Asker: 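Dropping a structure here in structure tokens format, bear with me for questions.
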Amino acid sequence: SGANATRMESSSSEQSMDSDEELQEQFACGELKPGLNLPVDTRQAKKICTNNIAALRDKLSSVESSVNWLERLDVTGECSIELPVQDGDDSKLSKIHDDFNREMAFYKQALTAVQTALPRLHDLQVATQRPADYFAEMVKSDVHMKKVREKLLGKQKAMEKSEKARKLREIRKYGKKVQREVLERRQKEKKEALEAVRKYKKDHQQKPDFLKDGDGDEFGVSATNHDKFGHGQTSRKSKKRLSKDSKFGLGGKKRGMKRNSATSSADMSSFKSVKHSMPPRRLRKGVPKKPKRLGKSRRAAQRRR
């Protein structure tokens, strides 16, 4: 491959040398003369624009005469575009760069043209309004409209989701506010109650409102309890409660309660002679004796049998 590349380079250099030698021979013979190779002007020729009004009007008249107006629907308005001029300024183009004024001038000119064209269309009995049952094929395909609809629905769902999240945040803030107010009110009531009790303990002049009762009881404690049906109950204790109180002292002294005394030692009421006068089982007559347990080696020998 290297030899082929060297061979190709040598052949191309030989051809270039041959072409140069041929040109030199032709120039020596006088065959090459100045002027045969013309320089090329790279500059573009300036385009000449001609405003031939007469030719344009002739062309316009030929178009108007050959085509019906209903096919052309061209209307020339009578009102001209006039831009407002500032006070003290004689130039009509003083506000030519004002977009609002320029668009209003275009709107007025288009409105005048429509007012001129509509009566002519009515005279020609051409409908200018779409009928109620008009059906036209959509420019965009159903697949594209489906994508548009899905995108709109997605945006709507996102807006609803954000609105719901905003409402939840507001509700959470309101709940925290209410909870804080309730806690503050409870702390205030507790503080006032403690202050009222402290004053009542100190002076004993005026009872707090929460200590007053309609029955005249200062602390609102009644001697009669009421069950869930509203029936009165006395403070009578049950037997079980009485036995527990007697056994455990009801918060009193408990040390030495099971210690014997002279009275308890002499008390024989709980002794039963029938139960305690019977001999042991092994000494009773007619009762079979319990077999003696075998030793470990004998029990192992019996298991191997």
Side-chain angles (χ1 to χ4, degrees), residues 165 167-305:
K167 289 182 179 179
L168 287 175
R169 286 195 299 270
E170 291 179 355
I171 292 172
R172 195 178 293 110
K173 288 181 181 178
Y174 180 73
K176 289 182 178 179
K177 182 181 178 181
V178 172
Q179 186 178 8
R180 186 169 59 253
E181 291 178 355
V182 169
L183 292 175
E184 290 177 356
R185 187 174 67 252
R186 288 179 180 176
Q187 291 290 338
K188 185 178 179 181
E189 291 176 356
K190 183 179 179 181
K191 186 177 180 181
E192 291 177 354
L194 292 174
E195 186 68 20
V197 170
R198 188 182 64 80
K199 290 182 178 179
Y200 180 67
K201 286 181 178 179
K202 184 177 181 181
D203 301 335
H204 292 282
Q205 293 181 358
Q206 184 179 2
K207 291 187 295 184
D209 296 335
F210 62 91
L211 295 179
K212 294 179 180 179
D213 191 16
D215 298 336
D217 191 1
E218 185 175 353
F219 292 97
V221 179
S222 178
T224 305
N225 299 326
H226 298 275
D227 57 4
K228 61 182 180 179
F229 301 104
H231 301 152
Q233 294 180 354
T234 59
S235 59
R236 181 180 179 182
K237 295 182 180 180
S238 62
K239 293 182 179 180
K240 184 177 180 181
R241 183 71 266 167
L242 292 174
S243 63
K244 293 286 185 182
D245 293 345
S246 63
K247 182 178 180 179
F248 298 106
L250 193 60
K253 181 180 178 182
K254 299 181 181 61
R255 183 180 299 176
M257 291 182 64
K258 295 184 179 181
R259 185 177 299 175
N260 289 332
S261 61
T263 306
S264 63
S265 298
D267 188 10
M268 300 295 292
S269 59
S270 61
F271 180 77
K272 294 182 180 181
S273 60
V274 178
K275 181 178 179 180
H276 292 87
S277 61
M278 292 177 63
R281 181 183 179 87
R282 58 186 179 82
L283 299 178
R284 294 178 192 176
K285 295 180 179 181
V287 178
K289 294 183 179 181
K290 200 172 184 180
K292 188 178 181 181
R293 187 184 184 193
L294 300 176
K296 185 176 181 180
S297 59
R298 291 185 180 183
R299 291 197 305 270
Q302 286 182 357
R303 285 195 295 269
R304 286 195 296 269
R305 291 177 184 177

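Note: hydrogens, waters and symmetry copies are ignored here, and every other heavy atom, side chains too, is used. Just so you know, these numbers come straight off a predicted model, no measurement behind them.
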Asker: So which atom in Ser264 and which in Ser261 form the shortest heavy-atom distance, rounded to 0.1 Å?
Answerer: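 What the structure gives for the nearest pair is OG-N, 2.7 Å.
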Asker: Evaluate the side-chain proximity of Arg186 to Lys190: yes if any heavy-atom separation is below 4.5 Å, no if none is.
Answerer: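 Counting from C-beta outward, Lys190 and Arg186 never come under 4.5 Å.
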Asker: Does the distance from a Lys or Arg side-chain N to an Asp or Glu carboxylate O, for Glu195 and Arg198, drop under 4.0 Å?
Answerer: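 Looking at Arg198 together with Glu195, the answer is yes, because their closest N to O distance falls below 4.0 Å.
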Asker: Does Ser265 reach the main-chain N or O of Ala262 with its side chain, forming a donor-acceptor pair under 3.5 Å?
Answerer: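 Such a contact is absent between Ser265 side chain and Ala262 backbone.
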Asker: Would the number of heavy atoms belonging to other residues, nucleotides or ligands and lying under 6.0 Å from CD of Gln179 be above 12?
Answerer: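 No, because the 6.0 Å sphere around CD of Gln179 holds 12 heavy atoms or fewer from other groups.
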Asker: Is it the case that more than 12 heavy atoms not belonging to Phe271 sit under 6.0 Å from its CZ atom?
Answerer: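 Yes, enclosed.
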Asker: For Leu242, enumerate each residue passing the side-chain contact (heavy atoms from CB on, under 4.5 Å) test, keeping only those at least two apart in sequence or located in another chain.
Answerer: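 Here the qualifying residues are Lys237.
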